[in-house]
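A short worksheet on the structure shown next.
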Amino acid sequence: MRPQPSILHLDLDAFFAAVEQRDKPSLRGKPVVVGGLGPRGVVATASYEARAFGVRSAMRMAEARARCPHAAFLSPRFTIYRRTSRAVMAALRELSPVVEPLSLDEAYVDLTAGTIGDLSPSAVESLARDLKRTVRRVTGGLTASIGVGTSKLIAKIASDLRKPDGLLVVTPGAETELLSPMPVSVIPGVGPATAERLRRMGVHTVGDLGRVGEEELVRALGKAHGQALARLACAGDDRPVVAEREAKSISVEDTFDHDIADPALLGVVIERLASRVCERLARERLSGRTVTVKVRLYDFTTHTRSATLAGPTDDDRVITRLARRLLSEVDTSAGVRLLGVGVSGLADWVQEDLFGALVDETDADAEHADAEHSETERVTSGPVQTGPRWVPGADVIHRRYGAGWVWGSGLGRVTVRFETATTGPGPVRTFASDDPELAPYSPLTPHSPLARTDPPPAG
DNA sequence: TCTGGGGTCCTAGGACCC
DNA sequence: TCTGGGGTCCTAGGACCC
């Protein structure tokens, strides 16, 4: 908890629907529902006019249509939303460089990181008023709700309280009084399951929660959740605003209009999904080590199967083959409702020019071709400038460094074949991946492994 | 016509290593 | 050969968020 109300939370009101009303004047003042229009679609965002009829986010589209038949039902246009979102995030960064987007329509700002001198409640309130005007201007008329307080929790709850087009600055010291009468479900992280558990413990409000000991919460909800909740209950929240968080996974999934049981068709679908994931990996210049297949069956039960490669890849063939194998481990004969493919364990390096032919013929390949996940065999290489970061102790595969190293690895060991343009392929050696002998050749080691042209000692 | 799509974080058990 | 503790990695599932 900070001494001043320096954490700002901004939330664009009914964002997707508001953008549609901005771009189509005939929709202004009318109920608008944005979401999936197929037989299994759900509502992403409803305009406030549609909410008056009981339409809510995550509601089945069929029910939304029943409640509000005269609404406009639209498919989301993410490209447009992203563009509008970028304009808002840029406006926030004018206030302070420390901006943490939570989604396209929401972000935290740490005002202490900016150039604002006066962070008194009244000064912050007038700053927030200006910000709302700025948002209106850069978005072409969208409204935002803003909450400001001494912590993320307070700022977020404050922005919710005055929606839409709201503004609330919670003065330091007033936090507990504000929170205690509120239902526990206002705390982000307390969803239906946690709320029900707490209800059975006799906990209904944040005030009730504050009277329960941390030990009891940990016993009921697990260590991390229990401890976090115990702290939040007394408004003790010092979580920092974190700008530029890196993605941890990338995934793509599709719910089918009708369940699919045909294995051949499922095979085609999984390949398409894998290709889409690979396109995104390539676009974002990432590779990943772990491939996960998600299967939602006809009865909504959901299963995942995952496997981890010896090293990161963005190779469509490798990921597709693995995805197919993982799918085959699930009984899909009764019908599949949703299929998804994801990649995690991301590394920020890129596949550039292939010299797969060279790599494929090395002894390094033969040496671990029988490793558990031989899918990594064909993973490729790149020029030094965009090469992988080699982290000692981590696995790296088939990479060329400097004048010509090829690195291979499998499951905790690194197989290295050294070669240069003049001497050709050298001997193959296998090291434990954290072998200090390799350290001088790591790109992380100062004074340039990349500049070295002499091979490490041949074993 | 029950229940989207893209994420994050946590837990728990087992493997494996020292 | 047995026992055991700690750490890390992997996998599957679940809660939760927008």
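Reminder, nothing fancy here: chain letters follow the sequence lines and each chain counts from 1.
- Within the nucleic acid shown, A:Gly36 has no heavy atom closer than 4.0 Å to any nucleic acid atom.
- The side chain of A:Glu106 approaches C:dC18 more closely than any other nucleotide in the set B:dG5, C:dC18, C:dA12.
- Dashed line: the shortest gap from a side-chain N or O of A:Ser103 to OP1 or OP2 of C:dC17 is not under 4.0 Å.
- The distance between atom CZ of A:Phe300 and atom P of C:dG13, rounded to the nearest whole Å, is 15 Å.
- In this structure, of B:dT3, C:dC18, C:dC16, it is B:dT3 that holds the atom nearest to the side chain of A:Arg337.
- Within 4.0 Å of A:Ser57, counting heavy atoms only, lies no atom of the nucleic acid at all.
- If you check every strand for non-hydrogen atoms under 4.0 Å, A:Pro39 touches a base.
- With respect to the salt-bridge test (charged N to carboxylate O, under 4.0 angstrom), the residues A:Asp23 and A:Arg77 qualify.
- Among the atoms of the strands shown, none is found under 4.0 Å from any heavy atom of A:Ala44.
- In this structure, the CE atom of A:Met59 is 18 Å from the P atom of B:dG5, given to the nearest Å.
- Checking B:dG7, B:dC9, B:dT11 against the side-chain heavy atoms of A:Arg245 singles out B:dC9 as nearest.
- A distance of 11.0 Å separates CG in A:Asp316 from CZ in A:Arg321, rounded to the nearest 0.5 Å.
- At whole-Å resolution of the value, CD in A:Glu246 and C1' in B:dC9 are 17 Å apart.
- Contacts of A:Lys156 with the nucleic acid, taken as non-hydrogen atoms under 4.0 Å apart, involve only primed sugar atoms and P, OP1 or OP2.
- Salt-bridge formation is detected for the pair A:Asp259/A:Arg40: a Lys NZ or Arg NE/NH1/NH2 atom is positioned less than 4.0 Å from an Asp or Glu carboxylate oxygen.
- In this structure, B:dC18 and C:dG5 make a Watson-Crick or G-U wobble pair, each of the two defining distances being under 3.5 angstrom.
- Between B:dG6 and A:Ser251, no contact under 4.0 Å exists linking OP1 or OP2 to a side-chain N or O.
- Comparing B:dT3 with C:dC18, their P atoms are spaced 23 Å from each other, to the whole Å.
- Heavy atoms from other residues, nucleotides or ligands lying under 6.0 Å from CD of A:Glu244 number 12 at most.
- In this structure, A:Lys248 reaches the B:dC9 phosphate: one of its side-chain N or O atoms is under 4.0 Å from OP1 or OP2.
- Here B:dG5 is the nucleotide among B:dG5, B:dG4, C:dT11 with the atom lying nearest to any side-chain atom of A:Asp254.
- Atom P of nucleotide C:dC18 and atom CD1 of A:Ile157 are separated by 11 Å, given to the nearest angstrom.
- Proximity note for A:Ser249 (side chain, C-beta onward) versus C:dG13, B:dG5, B:dT8: the nearest is B:dT8.
- Residue A:Thr308 places its side chain closer to C:dT11 than to any other of C:dG13, C:dT11, B:dG4.
- Contact annotation: A:Arg280 side-chain N/O to B:dG6 OP1/OP2 distance is not under 4.0 Å.
- Because its glycosidic torsion is more than 90° from 0, C:dT1 is reported here as anti.
- A:Glu253 comes within 4.0 angstrom of a nucleotide base, judged by non-hydrogen atoms across all strands.
- Residue-level contact check: A:Leu104 touches neither bases nor backbone, having no heavy atom under 4.0 Å from any strand.
- Nucleic acid contact for A:Val43: none, since no nucleic acid atom lies under 4.0 Å from a heavy atom of the residue.
- No engagement by A:Gly41 is indicated, since no non-hydrogen atom pair under 4.0 Å with the nucleic acid exists.
- A cation-pi geometry, defined here as NZ or CZ lying under 6.0 Å from the six-membered ring centre and within 45° of its normal, holds between A:Arg65 and A:Phe73.
- For A:His70 and A:Phe53, the gap between ring centers is short of 6.0 Å.
- For the pair A:His225 and C:dA15, the criterion of a side-chain N or O lying under 4.0 Å from OP1 or OP2 is not met.
- Regarding contacts with the backbone of B:dG4, every side-chain N or O of A:Arg60 stays at 4.0 angstrom or more from both OP1 and OP2.
- As a whole-Å value, the separation of A:Leu229 CG from B:dC9 P is 17 Å.
- With C:dA15, C:dG13, B:dG7 as the candidates, the nucleotide lying closest to the side chain of A:Arg305 is C:dG13.
- Heavy atoms only, all atoms of each residue included: A:Glu49 and A:Gln21 are closest at OE1-NE2, 3.4 Å.
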